[in-house]
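What follows is a set of notes on a single structure, which appears directly below.
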Amino acid sequence: MLLIKYEKHSILSEKKMTNNDIRVRIAPSPTGNLHVGTARTALFNYLFAKNMGGKFILRIEDTDIERSKEEYTQNIYDSLKAMGLQWDEGPDVGGKYGPYKQSDRLDLYNEFAQKLVASGHAYEGWCTQEELEAEKEIAQVEKNPYVYSKKCLTATPEQIETYKKEDRKPILRFKVPDKKVQFNDLVKGNLEFDTSLIGDFAIMKSNGTPTYNFAVVVDDIQMKMSHIIRGEDHISNTARQILIYEAFGAKIPEFAHVGMILAPDRSKLSKRHGATAVSEFIQQGYLPEAFVNFITLLGWSPADGEEIKPLDDIIKAFSIDRISSSPAVFEFDKLNWMNGQYIRHMDVKELTQRVKPYLTKYDLSQYSEEQLNYLVEIVREPLTVLGDITDSVSYFFGENVNIDDEIKSTVIDTPETQQVLPKFIELCETLDFSNVEKIHEQLDEFRQAMKPLKPKQTMWAIRAALTGLTRGADIGSVIYLLGKERVISRVQKAIK
RNA sequence: GCUCCCAUCGUCUAGAGGCCUAGGACACAUCCCUUUCACGGAUGCGGCAGGGGUUCGAAUCCCCUUGGGAGUACCA
């Protein structure tokens, strides 16, 4: 009992390896934009590689010709780069175990498949889809697990001749040996599968392309992968894959299967739950840094408990044995909070640059770069996503402000406000608009002078006249950015 | 159906038989700060799915039940 525990919590074989032997990969299919789940898997692989001083490899699995698209490949590159996960080897950067796109490796799969045929580990399958469907249906009716009948294993030369005459194209099937496949998963612990439940699965399709399970193993052998970190939806594939490793007499890598990321309703995260692609989150104004930080915490936790942790620190803190084996629900609340944290603590100049794409509807040229930085500084606090800034800065642009009826009747047109505003215009004559601190001081004095009006009433009057709102950035700073002319003209318009 | 995985506050999690009266974060509530919203600070709310074992002692180990998830393709 103690022994099992020990195995689960240590990564024995790592110790025998030098760091250069640590090689992990992310292998997405370009059948859609980079998904949150894939992104997290990529992240864990990256973190492990960087923590161990190993290599992180990108491989594009585009054997599904119909569904693979070049634009998705590009999206995968862009998203990974935005997250800061630069790969050491990949289709675009090369490497000595390439090519890194499966569609460029077709000859290799064929070659490896033929080796298995030669060694008696694989055979041709001639069944039509209909025949296979029929087999499955029978299994279903009899409530038996479906296992391929192996009938092509024993096909006579005559039968094969007729198949050929019918213009059938064969697939290649792996001859599954009768045994128990056992492996020690780095996050799940000891796992065992009985191969009698696994049918002789396909390794090459009739169109000459490899199936996923075969291509993965060929690539992982040839690319010398040491650890396979992936989602737990691949656990049962692992048994098949180990069989293939064994048939080749290849070294079997370490496996680590991570719990899935689920939607709030505990189903698989999909389009109907909103954004699922990394690029969508970035578009909405989530900072890639915050996003990365957040998804790291879905299934992993740092030993020191510090949750706000930039990528470099996560790399230092990362270890596989702190990966959780249960699934995690993706909720926006904490992501939103974390994004706000990053927005509040980011260097202002950097933030100003990042926010510019959300400010295209405004004429920014009226402000200097310094003023723009200052503007961002004073409005950043309540932002959840970068996109929030678009609406929150509208009163900094244009001559006039929109004041809706409610604010007009409840704030602007009150006797108190009408009392404050003319006095404020007087103040403007002596106000030093070029100096924010001075403005604040004079505003302070003004508030005092307006007693017995409450400070709140005084400030609301000015705020409403200038911004049309009862809430927003510090009003002294607003006055500074707006400048004398606009301040006076807006206040005058508010006076009845 | 069959096989496998998983199970701590609403959510993310800490937890490796005694450090647990189960800790932290988000969310929520209240209060404080304040020219507003917010930020920040303080406090509160809230959980070991259920049942059996093992043990002097169980969130932790074992079994069953229940609930969730995945796989069962010439998709990846």
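Per chain, numbering begins at 1; letters A, B, ... match sequence-line order. Keep in mind that what you see is a predicted model, and the values were worked out from it rather than measured.
- One can place CG of A/Leu335 at 14 Å from C1' of B/rA27, the figure rounded to the nearest angstrom.
- For A/Val329, counting side-chain heavy atoms from C-beta on, the closest listed nucleotide (B/rA76, B/rC12, B/rC2) is B/rC12.
- If you take atom P in B/rG17 and the same atom in B/rG51, they sit 24 Å apart, rounded to whole Å.
- As a whole-Å value, the separation of A/Met338 CE from B/rC26 P is 9 Å.
- Pair assignment for B/rC20: none, as no Watson-Crick or G-U wobble contacts are both less than 3.5 Å.
- Straight-line distance between the C1' atoms of B/rC19 and B/rA58: roughly 15 Å, to the nearest whole Å.
- Distance check on atom C1': B/rC6 versus B/rC74 gives 32 Å, rounded to whole Å.
- Classification of A/Glu232 and A/Lys188 as a salt-bridged pair holds, one side-chain N sitting under 4.0 Å from a carboxylate O.
- Using N1 to N3 plus N6-O4 or O6-N4 for Watson-Crick, or N1-O2 and O6-N3 for G-U wobble, each under 3.5 Å, B/rU3 pairs with B/rA70.
- Base-pair partner of B/rG40: B/rC32 (Watson-Crick or G-U wobble, both distances under 3.5 Å).
- In this structure, CH2 on A/Trp300 lies 7.5 Å from CG on A/Leu47, to the nearest 0.5 angstrom.
- Remark: the separation of the P atoms in B/rC32 and B/rG57 is 50 Å, to the nearest Å.
- Between the CG atom of A/Asp321 and the P atom of B/rG15 there is a distance of 10 Å, rounded to whole Å.
- Here the two rings, on A/Phe255 and A/Phe183, have centers that are under 6.0 Å apart.
- Computed from coordinates, the A/Ile261 CD1 to B/rC6 P distance equals 18 Å when rounded to whole Å.
- The C1' atoms of B/rG71 and B/rC62 are separated by 27 Å, rounded to the nearest whole Å.
- Within the shown strands, nothing qualifies as a pairing partner of B/rG46 under the Watson-Crick or G-U definition with both distances less than 3.5 Å.
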Between protein and nucleotides 69-75 of chain B, what N or O pairs are separated by less than 3.5 Å?
unit_1 : atom_1 : unit_2   : atom_2 : d
B/rG71 : O2'    : A/Ser236 : OG     : 2.8
B/rC74 : O2     : A/Ser206 : N      : 2.9
B/rC74 : O2     : A/Ser206 : OG     : 2.8
B/rC74 : N3     : A/Ser206 : OG     : 3.1
B/rC74 : N4     : A/Cys127 : O      : 3.3
B/rC75 : OP2    : A/Lys205 : NZ     : 2.8
B/rC75 : O2'    : A/Asp64  : OD2    : 2.9
B/rC75 : O2'    : A/Arg67  : NH2    : 3.2

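- Across all strands shown, A/Arg322 has heavy atoms under 4.0 Å from sugar-phosphate atoms exclusively, and none from any base.
- Between A/His234 and A/Tyr212, the distance from one ring center to the other falls under 6.0 angstrom.
- The residues A/Lys101 and A/Glu70 are annotated as salt-bridged, a charged nitrogen and a carboxylate oxygen being separated by less than 4.0 angstrom.
- Nearest heavy-atom pair across A/Gly468 and A/Ile403 is CA-CG1, 3.8 Å.
- With both pairing distances under 3.5 Å, B/rU55 is matched to nothing as a Watson-Crick or G-U wobble pair.
- A distance of about 11 Å separates the P atoms of B/rG44 and B/rG23, rounded to the whole Å.
- A/Thr390 contributes a side-chain N or O that, together with a main-chain N or O of A/Gly387, makes up a donor-acceptor pair within less than 3.5 Å.
- At least one cation-pi condition fails for A/Arg240 and A/Phe174: the charged atom is not both under 6.0 angstrom from the six-membered ring centre and inside a 45 degree cone around its axis.
- Distance, A/Asn293 CG to B/rU13 C1': 14 Å, rounded to whole Å.
- Here the separation of B/rC20 from B/rG1, taken at their P atoms, is 44 Å to the nearest Å.
- Among the protein residues, A/Phe201 comes within range of no part of the nucleic acid, since none of its heavy atoms lies under 4.0 Å from any strand.
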Summarise protein proximity over nucleotides 32-45 of chain B in one line of letters, 5' to 3': B for base, S for sugar-phosphate only, - for none, counting protein heavy atoms closer than 4.0 Å. ---BBBBSS-----

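- With distances taken from any side-chain atom of A/Ser326 to the nucleotides B/rC6, B/rG1, B/rC12, the minimum falls on B/rC6.
- When ring centroids are compared, A/Tyr374 and A/Phe396 stay outside the 6.0 Å threshold.
- Across all strands, A/Gly199 comes closer than 4.0 Å to no nucleic acid atom at all (heavy-atom distances).
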For A/Tyr395 and A/Asn402, what are the C-alpha separation, side-chain angles and deciding distance, and is it a side chain to side chain donor-acceptor pair (under 3.5 Å)? CA-CA 8 Å; A/Tyr395 57 81; A/Asn402 292 324; over 6 Å; no

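- One can place CD1 of A/Ile198 at 13 Å from C1' of B/rC2, the figure rounded to the nearest angstrom.
- Here the CG atom belonging to A/Asn213 is positioned 10.5 Å from the CG atom belonging to A/Leu243, to the nearest 0.5 angstrom.
- Note: CZ (A/Phe255) to P (B/rC5) measures 16 Å, nearest angstrom.
- As rounded to whole Å, 13 Å separates atom C1' of B/rA76 from atom CD1 of A/Ile65.
- Within the nucleic acid shown, A/Glu307 comes within 4.0 Å of at least one base atom, counting heavy atoms only.
- Applying side chain to side chain donor-acceptor pair (under 3.5 Å) to A/Tyr109 and the options A/Asp219, A/Thr63, A/Thr209 leaves one that passes, A/Asp219.
- B/rA25 and B/rU11 make up a base pair, with Watson-Crick or G-U wobble contacts both under 3.5 Å.
- With both ends at atom P, the span from B/rU8 to B/rA14 equals 10 Å, rounded to whole Å.
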